[in-house]
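Notes follow the structure.
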Protein chains: 2
Amino acid sequence: MGTLRERKKADREKRILSAAVHKFRANGYKAARIEDLAEAAEVSVGTVYNYYGTKGDILIAIVTMEVEEVLAEGQALVDNPPKDPGEALLALTLCYYDHSLNYLTKEMWRRAMALSIEAPDTPNGQRYAALDAKLAQQVADLLRRFQAQGQLASDLDATALGRVLFNNLNQSFIAFVTDDSMTLHDLRTVMTALTKPIAQLLPKLTS
Amino acid sequence: MGTLRERKKADREKRILSAAVHKFRANGYKAARIEDLAEAAEVSVGTVYNYYGTKGDILIAIVTMEVEEVLAEGQALVDNPPKDPGEALLALTLCYYDHSLNYLTKEMWRRAMALSIEAPDTPNGQRYAALDAKLAQQVADLLRRFQAQGQLASDLDATALGRVLFNNLNQSFIAFVTDDSMTLHDLRTVMTALTKPIAQLLPKLTS
DNA sequence: CTACAAAAATGAAGGTATTCAACCTTTTTC
DNA sequence: GAAAAAGGTTGAATACCTTCATTTTTGTAG
């Protein structure tokens, strides 16, 4: 149990983040003003900036929350995957997609992605890149598991292939968030179709 | 020869664009204020907005200029390519890269890319997407030429493969512009290495 | 309990993209 | 060639992110 100061601090940060999720989702990231978040969180504008350096920081904090939950869900799947490698890969991908809109809207994803390209050298851009890397790593972990079980050639580079497969699923996700008319169901359908040929190819791959 | 009004209009637009290229390159896109461009172009702030809807519009106009020159260079190569398909593909890619920094800096590319992800529904985002599509199309045209000459299986989908190859070269370009320490020479080296295995694979591909 | 120090909150001020109502300039009409 | 219409220009006003000097709250020492 921390001091009063620490408790208040933690509480305020939670309130700000929660207000941000709500306002960003309700009004859109662009339309939501810092003043609105501050009001909803019952703090002043200055205090918001005390906790988060920029509006983008708040967004990246939400992305981090989202991706960390996705990673946890994914880990469960990697620890106990379907028997078939191709099926497992598809399951992992769809698991990512299914949990991608819990906190973030498509617009929020677009802004976050734009941020990561726009400012790759800032703490934010780097945090986004780190999350990307973790996801790619998890795909690689899945591949390694199948290698250990002898269901996948052990001489192929799991990290590299994991990166390629992640790039592929990420590219499809970008197509999803940049097209407002595309539903999560559409995305699942596309990805199911795309993964089939990859699955057929997998057993044949040796470096 | 148009009317006085038309001449003035064309002249003003040219001055604004030229001032923008200069200021964006010299100070950075972010740091250059509309007021600065206006002053350099000898017009008022309002007039800048009369010609370009947003600051991003000006940037996209410059990107368009750049990409159109790149497309022209590329066309020359497609019309008269090296004998070997793999070599031709590499040549086209490097031709794109070599002409990518004539008007735009890395920072300007980053902002433009961010814009296209952030606002895919705006005229701007769509114009950027259209340029992407044209480049992918040109890669496909190169493939078709080799198909016509019998150096490439004619039953593979040139448009689809062109898109994949373009995605690949575009992804490498994103890596280039998001890493300030990476030189054009580094990019050429990376791409030369990456294209080799693709070239070896090409003759074997049939749908 | 008081005084002081450290930490944090505050909101007014500053900077820059964008809008718009008023004002010019060019073209057309008669 | 004067009047009206059409087309453009203008910069002051607006909106919103961000900064920072000031004020308030919390923790600590005597």
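To find a chain, count down the sequence lines: A is the first, B the second, and so on, and within it residues start at 1.
- Rounded to whole angstrom, the span from the CD atom of A:E39 across to the C1' atom of C:dA9 amounts to 17 Å.
- Salt-bridge check for B:R110 with B:D180: passed, with a basic side-chain N closer than 4.0 Å to an acidic carboxylate O.
- For the helix from C:dC1-D:dG30 to C:dC30-D:dG1, the rotation axes defined at the first and last 5 base pairs enclose an angle of 10°, given to the nearest 10°.
- Contact annotation: B:S44 does not reach the phosphate of D:dT9 (side-chain N/O to OP1 or OP2, under 4.0 Å).
- No contact: A:A38 has no heavy atom under 4.0 Å from any strand.
- Here the side chain of B:V43 is nearest to one of C:dA8, C:dA17, D:dT10, namely D:dT10.
- Residues B:Y96 and B:E73 bring no donor and acceptor atom of their side chains to less than 3.5 Å of each other.
- Here D:dC17 is the nucleotide among D:dC17, C:dT18, D:dG27 with the atom lying nearest to any side-chain atom of A:K55.
- Rounded to an integer number of Å, the gap from CG of B:D57 to P of C:dA17 is 14 Å.
- Nearest to the side chain of A:N50, among C:dT10, D:dT18, D:dT9, sits C:dT10.
- Atom CZ of A:R7 and atom P of C:dA7 are 18 Å apart (whole Å).
- A:Y51 comes within 4.0 angstrom of sugar-phosphate atoms only, judged by non-hydrogen atoms across all strands, and of no base.
- B:F173 and B:Y97 have parallel rings, their planes meeting at less than 30° on a 0 to 90° scale where 60° marks the start of perpendicular.
- Take the nearest nucleotide of DNA chain D for B:G46 and for A:A32: the residue whose nucleotide is more 5' is B:G46.
- Taking atom CD on A:E6 and atom P on D:dT28, their separation rounds to 10 Å, with Å as the unit.
- With the nearest nucleotide of DNA chain D identified for both A:Y29 and B:R12, B:R12 has the one nearer the 5' end.
- Straight-line distance from the CG atom of B:D36 to the P atom of C:dT18: 14 Å, rounded to whole Å.
- A:D11 and A:R7 are not joined by a salt bridge, as no carboxylate oxygen comes within less than 4.0 angstrom of a charged side-chain nitrogen.
- For D:dT10, the OP1/OP2 oxygens have a side-chain nitrogen or oxygen of B:T47 closer than 4.0 Å.
- Of the candidates C:dT18, D:dC16, C:dT16, the closest approach to any side-chain atom of A:R33 belongs to D:dC16.
- The nearest whole Å value for the distance from the OH atom in B:Y52 to the P atom in C:dA17 is 17 Å.
- Under 4.0 Å is where a charged nitrogen must lie from a carboxylate oxygen, and between B:R145 and B:D79 no such pair does.
- Closest contact between the side chain of B:R5 and the listed nucleotides C:dA17, D:dA6, C:dG11 involves D:dA6.
- Residues B:N124 and B:Y128 fail the side-chain proximity criterion, which asks for heavy atoms closer than 4.5 Å.
- A salt bridge links A:D141 with A:R144; the closest basic N to acidic carboxylate O contact falls under 4.0 Å.
- Rounded to whole Å, the distance from OH on A:Y49 to P on D:dT19 is 7 Å.
- Counting heavy atoms from C-beta on, the side chains of B:V78 and B:Q75 come closer than 4.5 Å.
- Checking the phosphate oxygens (OP1, OP2) of C:dA7, no side-chain nitrogen or oxygen of A:K9 falls inside 4.0 Å.
- One interatomic measurement links the two molecules: CG of A:L37 to C1' of C:dA9, which rounds to 16 Å at whole-angstrom precision.
- Remark on DNA chain C: of its neighbouring residues B:K8 and B:V45, the 5'-side contact belongs to B:V45, judged by nearest-heavy-atom nucleotide.
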